[in-house]
Amino acid sequence: MTIIVTGGAGFIGSNFVFHMLEKYPDYRIVCVDKLTYAGNLSTLAPVMDNPNFRFCKIDICDREAIYQLFEEEHPDMVVNFAAESHVDRSIKDPFTFARTNVMGTLSLLQAAKVYWESLPEKYEGKRFYHISTDEVYGALEMTHPEGIEPPFTTTASSSEHHLAYGKDFFYEDTKYNPHSPYSASKASSDHFVRAFHDTYGMPTIVTNCSNNYGPYQFPEKLIPLFINNIRHRKPLPVYGKGENVRDWLYVEDHARAIDVIFHRGKVAETYNIGGFNEWKNIDLIKVIVRTVDRLLGNPEGESEKLITYVTDRAGHDLRYAIDSRKLKNELGWEPSLQFKEGIEKTVRWYLDNQEWMDNVTSGDYQRYYEEMYKD
Ligand code: NAD
Ligand code: TYD
């Protein structure tokens, strides 16, 4: 089995590559990545010498290079993680998002189509697996069922009770309603993937996942940014009042879900992947602050004074919450890690891997960050 994994030098892609190489020693993984500011080869250092792994620095928009790689590697599967992934950047520069997320996905689809259709067996045993986000569904309300103030307990997860901030969830058939340029570009790419199934019969799968956290996430996203800023005694910029809600999933649980769906999911299906783990940003931030302070030996709550309320993100989606019971009921997947354990592991990882952090935050990112918060 040869799998092309795009975006494998990024956060979720790298965690997926590690998972697959460890679990399936006879699979060949060919990683395609342009190495933008968000992709870093130091992330892939642990697998660079693995004989079943190959890294190729290619832009997914480069159709010729992608097609050539298909001819060289004869892939059975493609897993497409490559994307511009940060909402704040998409607000400043939507064109880059349209280019990579829409045109790049289309370029991969076209290369896969031309190559697989040239084979005697055509699409038999092949899969194009596209990684998407819950943000394509838009935003959910914070509702108060029967007059109870949120958070309240819901029965949406059959495995354990959890706190939810509303009655509604995103389901696989929830209508797409993206608000940010990022989510609009992801929605568009999802439509292209489904169109290639419906039009050409390509065996495609799309999964929509909630916010991931864990090792190797670029420190422009909330959790690693805040851990890094606490360490360097920099302000912690909370957008608006910190009331927005996200559903957090440990990245290795996402990688396990993709593995399960990749092997046993039905072609042309959509699966939602989520943590049943909703947090208001400000509550999550306080957990991060307490955990970092404890692990660094700071007095309790010392870093709370770094919390700084800043202008809200334009079009800031209020709440995301995934219902992933389809995946549990049909394929038996559910999150394995409790949030308390996951956040502890995550904070420890960033504190122990300062060299990785310094490496990825040098240069361009530093300039972007200073520009972003100059007011
Ligand atoms: P990331 O920004 O950490 O990594 C993206 C990777 O894609 C980087 O290595 C980058 O170099 C590469 N890339 C960007 N443009 C490219 C191009 N034109 N050609 C080749 N490579 C290119 O992102 P992530 O958080 O790992 O997200 C991976 C995927 O998962 C994305 O499609 C994202 O939309 C989706 N997703 C992310 C989350 C999340 O919480 N991070 C949640 C749900 C879905
Ligand atoms: P982020 O990690 O950017 O993920 P997404 O926007 O894709 O959900 O942000 C998570 C939440 O944290 C989101 O509601 C925006 C908020 N946020 C801040 O309050 N401050 C920050 O500096 C960042 C990066 C995010």
Side-chain angles (χ1 to χ4, degrees), residues 5-16 31-41 43-44 56-62 65-66 79-91 96-97 99-101 103-105 107-108 130-136 139 180 182-183 185-187 189-190 207-214 216-226 229 235-249 251 254-255 258 272-275 279-282 284-285 307-313 315-320 322 360 369 372-373:
V5 177
T6 71
F11 167 46
I12 309 176
S14 60
N15 278 282
F16 178 72
C31 172
V32 166
D33 202 296
K34 183 186 172 184
L35 299 180
T36 66
Y37 77 94
N40 203 291
L41 268 191
T43 298
L44 291 169
C56 304
K57 185 174 184 308
I58 300 177
D59 181 338
I60 58 166
C61 299
D62 183 345
I66 293 285
V79 186
N80 182 29
F81 291 94
E84 289 291 337
S85 66
H86 189 42
V87 174
D88 294 323
R89 283 184 193 250
S90 82
I91 294 168
T96 310
F97 284 69
R99 181 185 179 275
T100 286
N101 300 2
M103 295 306 289
T105 300
S107 134
L108 278 174
H130 179 65
I131 305 297
S132 192
T133 163
D134 59 357
E135 304 192 22
V136 296
S180 71
Y182 163 66
S183 53
S185 68
K186 291 296 291 184
S189 64
D190 297 4
T207 54
N208 298 80
C209 189
S210 63
N211 286 58
N212 284 217
Y213 70 100
Y216 299 107
Q217 185 168 32
F218 193 82
E220 64 186 347
K221 306 279 168 60
L222 180 73
I223 292 180
L225 174 71
F226 277 37
N229 283 10
L236 306 176
V238 179
Y239 298 164
K241 294 188 177 133
E243 295 282 303
N244 302 63
V245 169
R246 297 292 182 265
D247 170 5
W248 294 93
L249 178 70
V251 65
H254 189 188
I258 299 167
N272 278 354
I273 309 171
W279 286 82
K280 263 190 195 178
N281 289 340
I282 191 64
L284 173 67
I285 288 162
I307 293 178
T308 310
Y309 290 91
V310 299
T311 311
D312 207 356
R313 174 186 277 173
H316 198 172
D317 284 337
L318 186 60
R319 171 177 171 248
Y320 302 143
I322 280 266
V360 303
Y369 187 76
M372 177 96 186
Y373 296 108

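Whatever order the structure lists ligands and atoms in, that order sets their numbers, starting from 1. Hydrogens, waters and symmetry mates are skipped; everything else that's a heavy atom, side chains included, is used. Keep in mind the model is a prediction, meaning the values are calculated, not measured.
Between Leu318 atom CG and Asn244 atom CG the span is 5.5 Å, to the nearest 0.5 Å. Between Lys221 atom NZ and Phe226 atom CZ the span is 14.0 Å, to the nearest 0.5 Å. Rounded to the nearest 0.5 angstrom, Asn272 CG and Ile322 CD1 are separated by 4.0 Å. Taking OG1 from Thr36 and CZ from Arg89, the interatomic distance works out to 8.0 Å, rounded to the nearest 0.5 Å. Rounding to the nearest 0.5 angstrom, the gap separating the CD1 atom in Ile60 from the CG atom in Leu108 is 5.0 Å.
When the options Cys209, Ala9, Ala83 are ranked by their closest heavy atom to atom 5 (C) of ligand 1, first place goes to Ala83.
Ligand 1 places these atoms under 4.0 Å from at least one heavy atom of Lys186: 31 (C), 32 (O), 33 (C), 34 (O). Distances below 4.0 Å separate heavy atoms of Asp59 from the following atoms of ligand 1: 17 (C), 18 (N), 19 (N). Of all atoms in ligand 1, numbered sequentially from 1 with element shown, those under 4.0 Å from a heavy atom of Ile58 are 19 (N), 20 (C). Those atoms of ligand 1 that come under 4.0 Å of a heavy atom in Tyr182, given as number and element, are 33 (C), 34 (O). Against a heavy-atom cut-off of under 4.0 Å, Thr133 is close to the following atoms of ligand 1: 43 (C), 44 (C). Those atoms of ligand 1 with a heavy atom of Phe81 less than 4.0 angstrom away are 28 (C), 29 (C), 31 (C), 32 (O). Annotation for ligand 1: atoms under 4.0 Å from non-hydrogen atoms of Ser210 are 42 (C), 43 (C). Set against the non-hydrogen atoms of Asn211, the atoms of ligand 1 under 4.0 Å away are 40 (O).
Closest to atom 8 (C) of ligand 1, if we only count protein heavy atoms, is Asp33 OD2, 3.6 Å. The nearest heavy-atom contact from the protein to atom 41 (N) of ligand 1 is Ile12 CD1, 3.7 Å. Looking at atom 19 (N) of ligand 1, its nearest protein heavy atom turns out to be Ile60 N, 2.9 Å. Scanning the protein for heavy atoms near atom 23 (O) of ligand 1, the closest one is Ser85 OG, 3.2 Å. Nearest to atom 4 (O) of ligand 1 among the protein's heavy atoms is Gly10 CA, 3.4 Å. For atom 35 (C) of ligand 1, the nearest protein heavy atom (residue, atom name, distance) is Ile131 CG2, 3.9 Å. Considering only non-hydrogen protein atoms, atom 3 (O) of ligand 1 sits nearest to Phe11 N, 3.0 Å. The shortest contact between atom 15 (N) of ligand 1 and any protein heavy atom is with Thr100 CG2, 3.4 Å.
Annotation for Ser183 and Val136: closest pair O-CG1, 3.8 Å, computed over non-hydrogen atoms.
Distance alone, capped at 3.5 Å, places no donor-acceptor pair between the Thr207 side chain and the Ile131 backbone. Side chain of Asp317 to backbone of Arg319: no donor-acceptor contact under 3.5 angstrom is found. Judged purely by atom type and a 3.5 angstrom limit, Asp247 uses its side chain to pair as donor or acceptor with the backbone of Gly275.
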| request: Using the side-chain contact (heavy atoms from CB on, under 4.5 Å) rule, take Phe81 and His130 through it: C-alpha gap first, then chi angles, then the decisive distance, then the call. | output: CA-CA 7 Å; Phe81 291 94; His130 179 65; over 6 Å; no

| task | Could you give me the CA-CA distance, side-chain angles and deciding distance for Thr100 and Lys34, then say whether side chain to side chain donor-acceptor pair (under 3.5 Å) is met? | result | CA-CA 10 Å; Thr100 286; Lys34 183 186 172 184; 5.2 Å; no

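Considering backbone and side-chain N/O atoms, Asn80 never comes within less than 3.5 Å of an N/O atom of ligand 1. The shortest N or O to N or O distance between Asn212 and ligand 1 is under 3.5 Å. Polar contact check, Thr36 against ligand 1: a nitrogen or oxygen pair lies under 3.5 Å apart.
Using a cut-off of 4.0 Å between Lys/Arg side-chain N and Asp/Glu carboxylate O, Arg99 and Asp59 are scored as salt-bridged. With respect to the salt-bridge test (charged N to carboxylate O, under 4.0 angstrom), the residues Arg313 and Asp88 qualify.
Between the side chains of Ser210 and Asp134, no donor-acceptor pair of N or O atoms lies under 3.5 Å. Side-chain atoms of Tyr320 and Glu135 include a donor-acceptor pair closer than 3.5 Å.
The shell of residues lying under 4.0 angstrom from ligand 1, judged by heavy atoms, includes Ser132. Using 4.0 Å as the threshold, Thr6 has no heavy atom nearer than that to any atom of ligand 1. In this structure, Gly8 has no heavy atom closer than 4.0 Å to ligand 1.
The part of Leu35 lying near ligand 1 is the backbone, judged by heavy-atom distances below 4.0 Å.
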Write 'none' if nothing qualifies; otherwise put on separate lines each N/O atom of ligand 2 with a protein N/O atom under 3.5 Å away and their distance to 0.1 Å.
unit_1	atom_1	unit_2	atom_2	d
ligand 2	2 (O)	Leu222	N	2.9
ligand 2	3 (O)	Arg313	NH2	3.1
ligand 2	4 (O)	Asn211	ND2	3.4
ligand 2	6 (O)	Arg313	NH1	2.5
ligand 2	6 (O)	Arg313	NH2	3.3
ligand 2	7 (O)	Glu135	OE2	2.6
ligand 2	8 (O)	Asn211	ND2	2.9
ligand 2	8 (O)	Arg246	NE	2.8
ligand 2	12 (O)	Asn281	ND2	3.4
ligand 2	14 (O)	Arg246	NH2	3.3
ligand 2	14 (O)	Asn281	ND2	2.9
ligand 2	14 (O)	His316	NE2	2.7
ligand 2	19 (O)	Tyr239	N	2.9
ligand 2	20 (N)	Pro237	O	2.7
ligand 2	22 (O)	Pro237	O	3.3
ligand 2	22 (O)	Tyr373	OH	3.3

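Geometric assessment of Arg246 against the ring of Tyr213 yields a negative cation-pi assignment under the 6.0 Å and 45° thresholds.
Centroid-to-centroid, the aromatic rings of Phe218 and Phe11 stay 6.0 Å apart or farther.
No option in Thr96, Thr105, Asn101, Asp190 other than Asn101 meets the side chain to side chain donor-acceptor pair (under 3.5 Å) test with Ser185.
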